Amino acid sequence: MPRRSFTPFALAMLTGALSVGLLAVAVVNGWLGPDVGRGGGFCEAARDGLVKQPANTISNLGFVAAGLAIAWRAGDPRETIRRHPGLATAYALVVVLLGPSSAAMHATQSAVGGRLDLLSMFLVAGFAAAYAVTRLTHRGTATCLAVWLAAVVGCEVLEQVPGAVPVLMSWANVGFAALLLSAVVGEVVLWRRPGTRYDRRWGAAAVGSLVLAFAIWSQSKSGGPLCDPGSPLQGHAAWHLLDAFAAYALFRLYASERPVGPTPAQDRTSRRENRQ
């Protein structure tokens with residue numbers, strides 16, 4: 001039996017340590033720029049200290065933990081993405097980076113922090129959509145990377161569209177939601193395809209977590225019924241933690257993919273026997 005590889009987990013640990021460390025140094029030294037109110041619409045009142053929104057900032061450690069958990073499983077040949085193990089590591093690293101990238105906005109409310117937050121969102125949602133497309137079209141890693149890049153660039157362009165959007169607030173969020181929705185639709189189509197089975201419980205857990213997260217997110221914005229600006233318990237922090245779990249559950253769904261029916265070698269043997 002192939003042995004566990006510790007490379008994915010080591011890379012995720014290094015990525016987490018460097019990104020969190022760099023964020024801490026950047027916050028202390030003001031490298032991300034002045035407070036321009038980015039993220040101010042997510043209820044939590046800005047504090048006078050270095051970290052403007054403590055709950056919304058610290059809750060992003062959930063993404064780091066989820067990314068490390070994914071990386072640990074990615075090193076096990078029995079639990080990784082079997083056909084594309086390199087993509088398992090890439091996904092783990094992106095989930096890890098989502099934590100400090102989102103925290104950059106909530107800790108500083110700076111414009112640069114806001115840009116990092118959106119980019120990390122586009123990267124994770126873009127991966128989910130691209131990996132679904134890759135499997136639907138029976139293509140390889142190159143296709144996944146190309147679709148992934150196109151999805152991120154498309155969201156970056158959409159972000160430049162001016163004007164507010166009802167419920168979703170911005171066109172950037174529309175792009176993020178569209179990628180997630182396309183990923184969910186793609187996964188449902190894949191579940192219904194013959195020849196492959198999945199542990200659908202993980203898919204249901206991912207979708208359920210995302211739906212609950214969105215419900216909380218939509219009601220806990222500034223002025224919303226769940227908003228209490230001074231509370232240490234913030235709805236947006238719950239959004240982070242639920243999304244982190246959804247990212248982990250999505251990987252477990254990917255890793256549960258198994259072929260159903262005879263292997264190619266068994267199929268060739270069966271055909272030879274039938275000809276005889």
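Only a predicted model underlies this, so the values are computations on that prediction, with no experimental measurement involved. For reference, positions follow the sequence shown, starting with 1.
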Considering all heavy atoms, the nearest Pro232-Ala55 contact: O-CB, 3.5 Å

What's the verdict on side-chain hydrogen bond (donor to acceptor under 3.5 Å, both in side chains) for Ser102 and Asp117, showing C-alpha distance, side-chain angles and the deciding distance? CA-CA 4 Å; Ser102 177; Asp117 175 59; 3.2 Å; yes

Would you check if the side chain of Ser19 reaches a backbone N or O of Gly16 as a donor-acceptor pair within less than 3.5 Å? yes

Do Phe42 and Trp239 come close enough that some side-chain heavy atom pair is under 4.5 Å? no

With a 4.0 Å cut-off on N to O distance, would you call Arg200 and Glu187 a salt bridge? no

Side-chain heavy-atom pair Thr89, Thr80 within 4.5 angstrom cut-off: no

Just to verify, what does Cys155 make a disulfide bond (SG atoms under 2.5 Å apart) with, not counting sequence neighbours? none

Could you check Leu87 against Phe127 for side-chain contact (heavy atoms from CB on, under 4.5 Å), going step by step and ending with a plain yes or no? CA-CA 9 Å; Leu87 291 177; Phe127 179 92; 4.2 Å; yes

Are Val165 and Leu158 connected in a single hydrophobic cluster, I mean Ile/Leu/Val/Met/Phe/Trp/Tyr linked by side-chain heavy atoms less than 4.5 Å apart? yes

More than 12 heavy atoms of other residues, nucleotides or ligands under 6.0 Å from CZ of Arg258: is that the case? yes

Does one hydrophobic cluster hold both Leu179 and Leu97, with members joined at side-chain heavy-atom distances below 4.5 Å? no

Which heavy atom in Gly126 sits nearest to a heavy atom in Ala151, and how many Å separate them? CA-CB, 4.0 Å

Any heavy-atom pair between the side chains of Asn60 and Val64 that's under 4.5 Å? no

Between Tyr254 and Tyr131, what is the ring plane arrangement, given parallel below 30°, perpendicular above 60°, and tilted in between? perpendicular

With the side chain counted from C-beta on, respond yes when Cys43 and Pro229 share a heavy-atom pair under 4.5 Å apart, and no when they do not. yes

Let's go through Thr57 and His106 carefully: what are the C-alpha distance in whole Å and the side-chain angles of both, what is the deciding distance for side-chain hydrogen bond (donor to acceptor under 3.5 Å, both in side chains) to 0.1 Å, and is it a yes or a no? CA-CA 5 Å; Thr57 298; His106 293 291; 5.7 Å; no

I'd like to know if the side chain of Ser231 reaches the main chain of Gln234, judged simply by a donor and an acceptor atom lying under 3.5 Å from each other, with no hydrogens or angles considered. no

About how many Å separate CG of Leu98 and CG of Leu93, when rounded to the nearest 0.5 Å? 12.5 Å

Could you walk me through whether Gln53 and Met105 pass side-chain contact (heavy atoms from CB on, under 4.5 Å), step by step? CA-CA 9 Å; Gln53 298 180 350; Met105 179 182 73; over 6 Å; no

Would a distance-only check, ignoring hydrogens and angles, find a side-chain to backbone donor-acceptor pair under 3.5 Å from Lys221 to Val167? yes

Taking all non-hydrogen atoms of both residues, which atom of Cys227 and which atom of Ser220 are closest, and how far apart? CB-O, 4.1 Å

Look up atom CG in Leu180 and atom CG in Asp243, then write down how far apart they are to the nearest 0.5 Å. 8.0 Å

Applying a strict under-4.5 Å side-chain criterion to I, L, V, M, F, W and Y, I'd like to know whether Val152 and Val174 cluster together. yes

Taking Ala45's backbone N and O only, do any of them form a donor-acceptor pair with Arg47's side chain (distance below 3.5 Å, no angle check)? yes

Student check: side-chain heavy atoms of Thr196 and Leu190 closer than 4.5 Å: no

Testing the basics here: between Leu136 and Arg193, what is the closest heavy-atom pair and its distance to 0.1 Å? O-NH2, 2.7 Å

CD on Glu159 to CG on Leu119, rounded to 0.5 Å: 9.5 Å

Search all heavy atoms of Gly62 against all heavy atoms of Leu241 and return the closest pair with its distance. CA-CD2, 4.1 Å

Heavy-atom closest pair, residues Gly235 and Ile216: O-CG2, 3.3 Å

Looking only at atom types and distance, does a side-chain atom of His240 sit under 3.5 Å from a main-chain N or O of Asn56, one as donor and one as acceptor? yes

Take a 6.0 Å sphere around CE of Met169 and say whether it holds more than 12 heavy atoms from other residues, nucleotides or ligands. yes

Please step through side-chain contact (heavy atoms from CB on, under 4.5 Å) for the pair Gln109 and Val36, ending with a clear verdict. CA-CA 6 Å; Gln109 296 192 152; Val36 296; over 6 Å; no

For Trp72, all residues meeting ring-ring contact (aromatic ring centres under 6.0 Å, His included), sequence neighbours excluded: Phe6, Phe9

Interatomic distance, Leu250 atom CG to Tyr91 atom OH [nearest 0.5 angstrom]: 4.5 Å

Going from CG on Leu116 to OG1 on Thr108, what distance comes out if it is rounded to the nearest 0.5 angstrom? 8.5 Å

Could you tell me whether a side-chain N or O of Ser209 sits under 3.5 Å from a main-chain N or O of Ala206, the two making a donor and an acceptor? no

Hey, are Glu79 and Arg252 close enough for a salt bridge, meaning a charged N less than 4.0 Å from a carboxylate O? no

Quick one: ring-ring contact (aromatic ring centres under 6.0 Å, His included) partners of Phe122, sequence neighbours excluded? none

When you look at Trp191 and Leu253, which way does the side-chain contact (heavy atoms from CB on, under 4.5 Å) test go after all the steps? CA-CA 10 Å; Trp191 296 351; Leu253 174 69; 3.7 Å; yes

Hydrophobic cluster identity match, Val94 and Leu11, side-chain contacts under 4.5 Å: no

How long is the straight-line distance from CZ of Arg73 back to CD1 of Ile81, given to the nearest 0.5 Å? 13.0 Å

Does anything in residues 48-69 form a ring-ring contact (aromatic ring centres under 6.0 Å, His included)? List the pairs, not counting sequence neighbours. none

Apply ring-ring contact (aromatic ring centres under 6.0 Å, His included) to Phe245 and list each qualifying residue two or more places apart in sequence or on a separate chain. none

Side chains of Leu210 and Leu242, heavy atoms from C-beta outward: is any pair under 4.5 Å? no

Less than 3.5 Å apart, which donor and acceptor atoms pair up between the side chains of residues 140-148 and the rest of the protein, not counting sequence neighbours?
from   : atom 1 : to     : atom 2 : distance (Å)
Thr141 : OG1    : His84  : ND1    : 3.4
Trp148 : NE1    : Leu123 : O      : 2.8

Could you walk me through whether Glu257 and Arg197 pass the salt bridge (charged side-chain N to carboxylate O under 4.0 Å, His left out) test, one step at a time? CA-CA 6 Å; Glu257 182 180 3; Arg197 66 176 175 84; over 6 Å; no

pair Phe251-Val95: side-chain heavy atoms closer than 4.5 Å: no

Quick one: does Asp199's side chain have a donor or acceptor within less than 3.5 Å of a partner on Arg201's backbone? yes

